[in-house]
There are 2 protein chains.
Amino acid sequence: MQRVPLYQAKAEFFRMLGHPVRIRVLELLQEGPKPVRELLAAIEIEPSSLSQQLAVLRRSGIVVSARDGSTVVYSLAGADVADLLRAARRILTELLAGQQGLLAELREAEQSPARLL
Amino acid sequence: MQRVPLYQAKAEFFRMLGHPVRIRVLELLQEGPKPVRELLAAIEIEPSSLSQQLAVLRRSGIVVSARDGSTVVYSLAGADVADLLRAARRILTELLAGQQGLLAELREAEQSPARLL
DNA sequence: TGGGGAATTGCAGAAGCCTTCAACTCATGG
DNA sequence: CCATGAGTTGAAGGCTTCTGCAATTCCCCA
């Protein structure tokens with residue numbers, strides 16, 4: 001078994017999350033298992049492109065797929081992703097608020113530029 | 001103000017976390033503000049490479065830097081990253097455990113391959 | 001005022017990731 | 001058995017990201 005430093009495993013994990021389509025899939029799957037067809041309808045994207053992203057999620061083990069007749073159903077692999085996404089949203093909210101605050105300052109500064117110096 | 005879909009902002013956020021050095025920096029900064037020199041000592045890496053990664057973190061707003069004489073001190077921008085990293089660790093633990101379980105099965109299977117079919 | 005250390009920036013080459021097209025597998029229904 | 005629809009896989013091309021070197025900035029101290 002190959003020993004990988006923990007911080008590297010974490011980095012890979014976050015990188016795995018770092019794609020809009022993959023995020024949307026995880027969010028959708030939080031409502032419960034979904035067939036590909038349904039994901040495809042919700043996220044507008046080429047089927048093969050969705051498949052590629054699903055493959056990334058599958059390889060990481062965060063989702064699993066099961067065949068049911070001619071359709072394939074995906075579901076979260078137990079892991080509660082909800083907490084993670086919630087924590088991310090909290091931070092993101094702070095960060096965006098910060099940026100808005102900054103932008104507000106800059107807008108004011110346009111009116112009296114001296115304040116920036 | 002340019003309106004970016006939330007799932008895209010989330011993806012960018014996770015992508016920003018997706019680098020071993022950046023993860024280590026965030027972990028170190030959880031103990032409190034640290035001068036670059038100290039980060040450099042803890043993480044073995046070229047100074048310029050660390051600077052690049054610090055710049056990524058800075059741009060995202062998750063850390064801030066302040067000059068103190070000839071050294072520069074970095075700190076978390078308030079956001080409590082701890083929760084996020086904790087949630088990530090939980091999931092990661094599950095995933096790794098899953099993989100180990102799987103590997104164990106495969107090892108058994110080597111001894112009686114029929115069980116896999 | 002000039003030397004020197006701390007950190008950052010600019011950049012080029014290498015590495016990795018994303019999208020898309022075409023080919024393929026698998027199950028269903030005629 | 002073959003055609004068709006659902007998904008997946010493979011591979012190429014274009015883009016982004018990473019690493020490391022060289023040059024630069026900023027501050028301190030002699």
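We name chains A, B, ... by the order of the sequence lines, and we start the count at 1 in each one. Side chains included, hydrogens not; waters and symmetry mates left out as well; all remaining heavy atoms used.
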Determine whether [X] and [Y] make a side-chain contact, defined as any pair of heavy atoms from C-beta on separated by less than 4.5 Å.
{"X": "Leu40(B)", "Y": "Pro47(B)", "answer": "yes"}
{"X": "Val64(B)", "Y": "Ser75(B)", "answer": "yes"}
{"X": "Tyr7(A)", "Y": "Ile43(B)", "answer": "no"}
{"X": "Gln53(B)", "Y": "Val25(B)", "answer": "no"}
{"X": "Leu54(A)", "Y": "Leu39(A)", "answer": "yes"}

Note to self: Please evaluate residues Arg15(B) and His19(A) with respect to the criterion side-chain contact (heavy atoms from CB on, under 4.5 Å), reporting the C-alpha separation (whole Å), side-chain torsions for both, the decisive distance (0.1 Å), and the verdict.
What the structure shows: CA-CA 7 Å; Arg15(B) 197 139 32 82; His19(A) 188 290; over 6 Å; no
Hey, what are the protein-to-nucleotides 11-13 of chain C N/O distances that come in under 3.5 Å?
unit_1	atom_1	unit_2	atom_2	d
dC11(C)	N4	Gln52(B)	NE2	3.2

Notebook entry, point to check: How long is the line joining CG of Leu57(B) and C1' of dT8(C), in whole Å?
Noted result: 15 Å
Margin query: Whole angstroms only, please: what is the CG-P distance between Leu50(A) and dT8(D)?
Written below: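 Value for this atom pair: 7 Å.
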Next item on the list: Could you say whether Gln53(A) or Ser51(B) is positioned toward the 5' end of DNA chain C, judged by the nucleotide with the nearest heavy atom to each?
Entry: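 The residue closer to the strand's 5' end, by nearest nucleotide, is Ser51(B).
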Check: Looking at DNA chain C, which of residues 19-48 of chain A put a heavy atom within less than 4.0 Å of it?
Finding: His19(A), Arg22(A), Glu46(A), Ser48(A)
Check: Around Glu31(A), counting heavy atoms of other residues, nucleotides and ligands shown, do more than 12 lie under 6.0 Å from its CD?
Finding: yes
Note to self: Looking at Tyr74(A), I'd like to know whether one of its side-chain N or O atoms comes within less than 4.0 Å of OP1 or OP2 on dA6(D).
What the structure shows: no
Note to self: Whether Arg58(A) contacts dT9(D) is assessed here as follows: a side-chain N or O lying under 4.0 Å from the phosphate OP1 or OP2. Is that the case?
What the structure shows: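 Yes.
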Check: Which residues pass the salt bridge (Lys or Arg N to Asp or Glu O under 4.0 Å) test with Glu38(A), sequence neighbours left out?
Finding: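 Expected list: Lys34(A).
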Notebook entry, point to check: Excluding sequence neighbours, so at least two apart, what forms salt bridge (Lys or Arg N to Asp or Glu O under 4.0 Å) with Arg90(B)?
Noted result: Asp83(A)
Next item on the list: Mind checking Thr71(A) for me? I need base, sugar-phosphate or nothing, with any heavy atom below 4.0 Å counting as a touch.
Entry: sugar-phosphate
Flag, side chain of [X] to backbone of [Y], donor-acceptor distance under 3.5 Å:
{"X": "Ser60(B)", "Y": "Leu57(B)", "answer": "yes"}
{"X": "Arg22(A)", "Y": "Met16(A)", "answer": "yes"}
{"X": "Thr93(A)", "Y": "Arg89(A)", "answer": "yes"}

Please tabulate the protein-to-nucleotide N/O contacts below 3.5 Å involving nucleotides 25-30 of chain C, giving atom names and distances.
none

Notebook entry, point to check: If you look at every heavy atom in Ala42(A) and Leu28(A), which pair is closest and at what distance?
Noted result: CB-CD1, 3.8 Å
Note to self: At a heavy-atom distance below 4.0 Å, what parts of residues 7-18 of chain B sit against DNA chain D?
What the structure shows: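 When residues 7-18 of chain B is checked for heavy atoms under 4.0 Å from DNA chain D, the hits, listed by number, are Arg15(B).
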